[in-house]
K.L.:
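What follows is a single structure, and I will ask about it in a moment.
Worth saying up front: this structure is predicted, and the values here are computed from it rather than measured. Each chain gets a letter, A, B and so on, in the order the sequences are listed, and its residues count up from 1.
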Amino acid sequence: MNSISGALRTVYGWWWLVLPPVSGVAVMAMIIGALVVAPREIVEGEVQRLLYIHFPSILAAYGAFAVVAVASVVVLWRRDMRWDAVARGAATVGVLFTGLTLATGALWGKPVWGTYWTWDARLTSTLVLFLIYAAYLLARAMADELDEAAARFAAVFAILGALDIPLVMFSVTWWRTLHPQPIVLRPGGNPAMPPEMLLVLLIAFLGIGALAVWLTVLRSEAEWLAKRTAALRAVADRYEGA
Amino acid sequence: MSPAMAVVLKDLRLAWRDRAGWASAGAFATIAVLTYSFAFDLATGDVRPLLPGVLWTTFLFAGIFAGGQSFARESEEGTFDALLLSPVAPTVIYLGKAIANVIAMLVIEFAQLLLATILFDTNLVSVELLVIVFIGTVGAVSLTTLLATMSATMRGRAMLLPVMALPLLVPLLIGAVRATGASLNLEAGTAPWTLLLTVFALWSAMLSVLLFPMAVER
């Protein structure tokens with residue numbers, strides 16, 4: 001057991017050496033690449049450059065929500081509150097990047113589709129995803145740091161949410177496709193990408209991916225420290241009271 | 001008498017004693033339908049395109065409010081902890097509550113369907129529609145009962161419960177509104193939507209039964 005935690009600590013320290021510089025350099029490279037290196041898209045114009053944030057962000061969000069689901073299963077199974085801190089940290093990052101996806105999508109949609117928002121299946125299901133995990137964070141914020149019952153409740157809700165996502169996607173697709181499609185422009189066939197664009201997109205995956213992992217680590221660490229502080233404060237209060 | 005039956009009877013008796021609470025959920029549903037009819041001016045023109053949405057949002061809101069309060073008394077009085085200590089499986093405790101809540105909700109919903117039939121001069125009491133309402137209620141109540149049990153001791157529960165339940169219930173709402181619309185001949189065929197509704201009801205009932213014991217473990 002000790003060797004495992006020792007190994008974890010080594011990996012963790014190593015992450016601290018690697019993640020901040022990697023995400024910093026890759027995000028800078030992404031910004032320069034997206035603004036300077038990548039060519040201007042002929043049909044969509046400059047606004048297409050938002051894609052370099054938009055697409056990697058939703059993948060990062062999916063990754064974060066997968067971490068929430070796995071960590072929540074471990075909370076119920078092992079009753080280890082460290083995993084609750086991980087779930088909470090990953091949920092914060094997931095909500096952040098889902099919000100970023102929705103925001104960049106809306107900014108892109110206005111000039112290209114002619115509207116910020118359309119009730120397209122993919123947009124709608126992403127919004128529901130955002131709302132489910134925002135509700136998760138609200139429930140966590142309203143509960144006491146040390147309330148294990150609340151942590152288990154949140155874990156059950158996160159598992160329900162994760163398993164609900166396929167149903168939401170499926171039902172929303174039916175809802176839209178058995179209905180007249182919006183008249184606004186819809187993305188047509190995907191044209192093959194010039195190599196420069198593909199390169200910038202790959203750098204963006206690396207940058208946003210590393211940033212998401214690093215933020216999740218930071219956030220989970222902060223949650224865990226907050227829990228320990230609350231526990232210590234409870235002990236100190238008991239001594240003062242006695 | 002089996003423990004399961006005893007728990008169901010206990011919850012039905014509680015629901016009956018708490019009839020003022022359930023009556024206020026019924027009154028809320030009635031007022032919601034009336035509010036919608038003023039807001040959308042349902043008194044004139046063809047109301048049928050709006051009716052499914054009006055009915056199902058009313059059912060969901062009433063169900064969430066009533067389900068939320070149905071556990072409040074038990075957690076305040078400590079009955080819930082005592083039940084968990086008794087030699088009854090947690091699944092049975094959950095099923096008892098869920099069955100009592102489904103029965104109480106069905107009574108409220110049937111009353112609303114009768115009322116809407118009279119108010120909007122549209123026949124809403126058909127076998128097809130009653131089946132849809134039954135499946136939808138089972139799906140919604142099994143999920144809200146689970147969330148209500150777990151959040152019974154949390155502060156801000158009244159606000160938190162709808163915020164947590166409604167995004168999860170999006171597939172159910174879509175399926176129920178479409179199936180109801182189809183049963184009113186607004187679109188072709190109830191079958192695909194009833195299927196979606198049934199899948200969701202099975203999903204939420206099975207997951208709730210599985211997850212409830214883990215959620216309430218002390």
K.L.:
What part of B:V177 gets closer than 4.5 Å to chain A, counting heavy atoms only: side chain, backbone, both or neither?
P.N.:
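Contact with chain A: none, neither part.
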K.L.:
Please look at B:L146 and chain A and tell me whether the side chain, the backbone, both or neither of the residue comes under 4.5 angstrom of a heavy atom of that chain.
P.N.:
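It is the side chain, since no backbone atom gets that close.
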K.L.:
When rounded to the nearest 0.5 angstrom, what is the spacing between CG in A:L167 and CG in B:L172?
P.N.:
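If we round to the nearest 0.5 Å, A:L167:CG and B:L172:CG are 10.5 Å apart.
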K.L.:
Is A:L129 in contact with chain B via its backbone, its side chain, both, or neither, using a 4.5 Å heavy-atom distance?
P.N.:
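When you check distances to chain B, no heavy atom of A:L129 falls under 4.5 Å.
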K.L.:
Do other residues, nucleotides or ligands put more than 12 heavy atoms under 6.0 Å from B:F28 CZ?
P.N.:
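More than 12 heavy atoms, drawn from other residues, nucleotides or ligands, come within 6.0 Å of this atom.
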K.L.:
With a 4.5 angstrom heavy-atom cut-off, is it the side chain or the backbone of B:L211 that approaches chain A, or both, or neither?
P.N.:
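Both parts, backbone and side chain.
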K.L.:
Determine the option with the most heavy-atom pairs under 4.5 angstrom with chain B, choosing from A:V128, A:D144, A:L127, A:D147.
P.N.:
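Option with the greatest count: A:V128.
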K.L.:
Nearest 0.5 Å please: distance from the CG atom of A:L131 over to the CG atom of B:L168.
P.N.:
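Those atoms lie 10.5 Å apart.
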K.L.:
Is it the backbone or the side chain of A:A141 that comes under 4.5 Å from a heavy atom of chain B, or both, or neither?
P.N.:
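It is the backbone, since no side chain atom gets that close.
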K.L.:
Please say whether more than 12 non-hydrogen atoms of neighbouring residues, nucleotides or ligands are located less than 6.0 Å from CH2 in B:W56.
P.N.:
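Count over threshold, so yes.
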K.L.:
Taking CH2 in A:W117 as the centre, count heavy atoms belonging to other residues, nucleotides or ligands within less than 6.0 Å. Is the count above 12?
P.N.:
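Above 12, so yes.
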K.L.:
Out of A:I159, A:L138, A:L160, which one racks up the most heavy-atom pairs below 4.5 Å with chain B?
P.N.:
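The answer is A:L160.
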K.L.:
Just give me the residue among B:V199, B:V163, B:I174 that pairs up with chain A most often, heavy atom to heavy atom, under 4.5 Å.
P.N.:
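Heavy-atom pairs under 4.5 Å are most numerous for B:I174.
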K.L.:
Side chain, backbone, both or neither: which part of B:L143 has a non-hydrogen atom closer than 4.5 Å to chain A?
P.N.:
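The side chain, not the backbone.
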K.L.:
So, taking the atom named OG in A:S171 and the one named CZ in B:R178, what distance separates them when rounded to the nearest 0.5 Å?
P.N.:
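The distance works out to 11.0 Å.
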K.L.:
Quick one: pull up CZ in A:F157 and CG in B:L160 and give me the separation to the nearest 0.5 Å.
P.N.:
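It comes to 8.5 Å.
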K.L.:
Please tell me if the side chains of A:D164 and B:F200 come closer than 4.5 Å, counting only heavy atoms from C-beta onward.
P.N.:
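Answer yes - side chains close enough.
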K.L.:
So which atom in B:M164 and which in A:A135 form the shortest heavy-atom distance, rounded to 0.1 Å?
P.N.:
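Closest heavy-atom pair between B:M164 and A:A135: CA-CB, 4.0 Å.
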K.L.:
So what's closer than 4.5 Å to chain A heavy atoms on B:L207: side chain, backbone, both or neither?
P.N.:
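For B:L207, the contact with chain A is made by the side chain alone.
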